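Lettering follows sequence order; numbering is per chain, from 1. Here the structure is a predicted model, which is why all the values come from computation and not from measurement.
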Number of protein chains: 2
Amino acid sequence: MTETDKDQCDLLDGLRRGRPAAGQDPVKRSQIIEGARRVFIDKGFEAASMNDITREAGVSKGTIYVYFANKEELFEALIEEERGTIFKNMYDMLDRADDLRETLVKFGKVLALKITSAKVVQAQRTVIGASDRMPELGARFYERGPKRGHDKVVAFLNAAIERGLLKIDDVDLAAYQFTELCLAGLFRQCIFAYRTKAPSQDEIDHIVRSGVGMFLKAYGTERLATEESTQTIALEAKS
Amino acid sequence: MTETDKDQCDLLDGLRRGRPAAGQDPVKRSQIIEGARRVFIDKGFEAASMNDITREAGVSKGTIYVYFANKEELFEALIEEERGTIFKNMYDMLDRADDLRETLVKFGKVLALKITSAKVVQAQRTVIGASDRMPELGARFYERGPKRGHDKVVAFLNAAIERGLLKIDDVDLAAYQFTELCLAGLFRQCIFAYRTKAPSQDEIDHIVRSGVGMFLKAYGTERLATEESTQTIALEAKS
DNA sequence: GGGCGATCGAACCGATCGGTTCGAATATTT
DNA sequence: AAATATTCGAACCGATCGGTTCGATCGCCC
């Protein structure tokens, strides 16, 4: 939050105070992007028309071209925003140093829930489809989205290793394995529209618990087993 | 000679002998589809133009519309063919009842190699992008491609269970887990154009071996361990 | 060798595309 | 209230789209 301080000013007090310079009103900008979202996301880049967006956003075409140089730039701005909202806060729980297994389960469930939700699936489809003609866009989406999440998982695993709970040779690979185990085919099914509906909570729970179990069986240490059984005993004593 | 006679002739011998009926020549049909492949695959459905395909196929536009009713139908025919060639023979090795671990490794490597190859990635991207506007197309692609492969993996795992080598509660889930472990993030990286090149043989080998190890550690039985150590001893005795 | 028919190729259709232009309308500042 | 500047809305641009039409052409079959 450095260069956009001025922009954020207008956002902070919520209201529009003073007339913004041409193409500088964040409210109108959001309005345009919101219209663009509705059109781009469910038609794809090519099939979406600027006239559709004009209609959907309730903003004149001329105004759109004051805020965005062309169709491609508007699309990129939209994708950038989508990426931000999709991955925001998704990895927060990895910051806490709670019980390892339950943290992994919780995180895995949030991950699977998010990635397979109808809206996010559509957004990803749009990005993937556009990656044919704009590879850098897809790459940046991945880099600033899934890749950053992956890095956080790596950091989390390293912390667990340091605590002596895990033993992993290739942490990077292990992080991918964990993520994929939590999705277990759901991503591909959703992205290809084979699944018409997002998976249920129960299904995700089942998958994630199985995946975490597999993961810990492979990488968990003696110490982890000890701690877990201790906790189990404590729990049993409680009841 | 009546029309039916001519049709029978063409059906009997695979080659072009005599003039095929309009829109019935398999050679020309392939020629059209080949042009369509080049254009559709690297531009996507919307951005591809029928004039491009005309040029690329070296076939007049009128002729194309004799063979295919419209752009969508041609696209569907292409995708159907692509699906066929991509998944053909991919799962053959699962039919043999060789050493379990090495069969899984071999299969996993072929799978990862294929799915992440530049051509297949592009094709998948095209299908995914088109799944926005033609969900049934994406669904059928998945169903007759990845899904059939998945079913074969399930069957293979069931056979191994019967042989007492594996113990699995949810075989369907296990099959997904295995597949995803073999890909371990590669699919997402490729599909989003984050990876510009397909992964190397070495990388795939590393990933698959790790994944198979994890899988067998989770689902392998005592008997599997015994058999494997026996084989190891036999190998050592040989050398 | 004559006729039948598939293909060619180019012109053509109406529609729509991304993008521009410009006067009218609107709202803010002084 | 006058001056100023953003937005509106609709017309407009050239290009291209998917799809059709039709006479010219060429090759197979009788």
Side-chain angles (χ1 to χ4, degrees), chain A residues 7 10 13 15-36 39-40 43-78 130 133-134, chain B residues 1-10 13 15-36 39-40 43-78 130 133-134:
Chain A
D7 292 349
D10 291 335
D13 57 0
L15 299 170
R16 286 162 81 167
R17 241 182 32 209
R19 169 179 291 257
Q24 297 297 331
D25 185 349
V27 173
K28 193 148 291 268
R29 193 187 141 97
S30 306
Q31 190 180 341
I32 296 170
I33 289 203
E34 176 53 32
V39 179
F40 275 132
K43 290 192 158 195
F45 177 78
E46 299 289 344
S49 93
M50 291 301 272
N51 288 323
D52 290 345
I53 295 173
T54 283
R55 200 177 313 115
E56 205 69 32
V59 169
S60 91
K61 210 167 165 183
T63 304
I64 291 186
Y65 277 95
V66 170
Y67 281 78
F68 302 93
N70 51 44
K71 189 184 183 186
E72 197 160 319
E73 199 169 285
L74 171 57
F75 181 68
E76 284 173 4
L78 164 66
R133 110 163 0 200
M134 321 179 205
Chain B
M1 187 186 264
T2 69
E3 265 188 32
T4 26
D5 284 339
K6 259 189 329 192
D7 288 351
Q8 277 175 355
C9 260
D10 289 336
D13 56 0
L15 298 172
R16 265 168 103 167
R17 231 184 43 205
R19 168 177 295 255
Q24 297 297 330
D25 185 349
V27 173
K28 193 148 292 268
R29 194 186 140 97
S30 306
Q31 190 180 340
I32 295 171
I33 289 203
E34 177 52 33
V39 179
F40 275 131
K43 290 192 156 193
F45 177 78
E46 298 290 344
S49 92
M50 291 301 273
N51 288 324
D52 290 346
I53 295 173
T54 283
R55 200 176 314 115
E56 206 69 33
V59 170
S60 90
K61 210 167 166 184
T63 303
I64 292 186
Y65 278 95
V66 169
Y67 281 78
F68 302 94
N70 50 44
K71 189 183 182 186
E72 198 160 319
E73 199 169 284
L74 171 58
F75 182 67
E76 285 172 3
L78 164 66
R133 108 161 3 195
M134 321 178 204

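Stem list for DNA chain C (at least 3 consecutive Watson-Crick or G-U pairs, distances under 3.5 Å): C:1-30 with D:1-30.
How far CZ of A:R133 is from CD of A:E46: 4.0 Å, rounded to the nearest 0.5 Å. The CD1 atom of A:I64 sits 12.5 Å away from atom CZ of A:R29, with the distance rounded to the nearest 0.5 Å. Put simply, CG on A:N70 and CD on A:E73 are 5.5 Å apart, with the number rounded to the nearest 0.5 Å.
Evaluation of the ring pair (Phe, Tyr, Trp, His ring centres under 6.0 Å) rule for A:Y65 yields no partner, not counting sequence neighbours.
In this structure, A:F45 and A:L78 have side chains that are not in contact, with every pair of non-hydrogen atoms separated by 4.5 Å or more.
Taking the six-membered ring for Trp and thresholds of 30 and 60 degrees, B:F40 and B:F75 have ring planes more than 60 degrees apart, a perpendicular arrangement.
One atom, CZ of B:R29, and another, P of C:dA6, lie 17 Å apart when rounded to the nearest Å. Rounded to an integer number of Å, the gap from B:R55 CZ to D:dT16 P is 10 Å. Regarding B:I64, its CD1 atom lies at a distance of 15 Å from the C1' atom of C:dA6, rounded to whole Å.
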**Complete:** In 5'-to-3' order, the base (B), backbone-only (S) or no-contact (-) status of each nucleotide in nucleotides 18-25 of chain C, using a 4.0 angstrom heavy-atom cut-off, is BBB-----
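With C:dG9, D:dC8, D:dT7 as the choices, the nucleotide that has an atom nearest any side-chain atom of B:S60 turns out to be C:dG9.
Taking 4.0 angstrom as the limit, B:Y67 places none of its side-chain polar atoms (N or O) nearer than this to OP1 or OP2 of C:dA6.
Between the A:K43 side chain and the A:S49 main chain, no donor and acceptor come within less than 3.5 Å of each other. In this structure, the side chain of A:K71 engages the main chain of A:A48 through a donor-acceptor pair within 3.5 Å.
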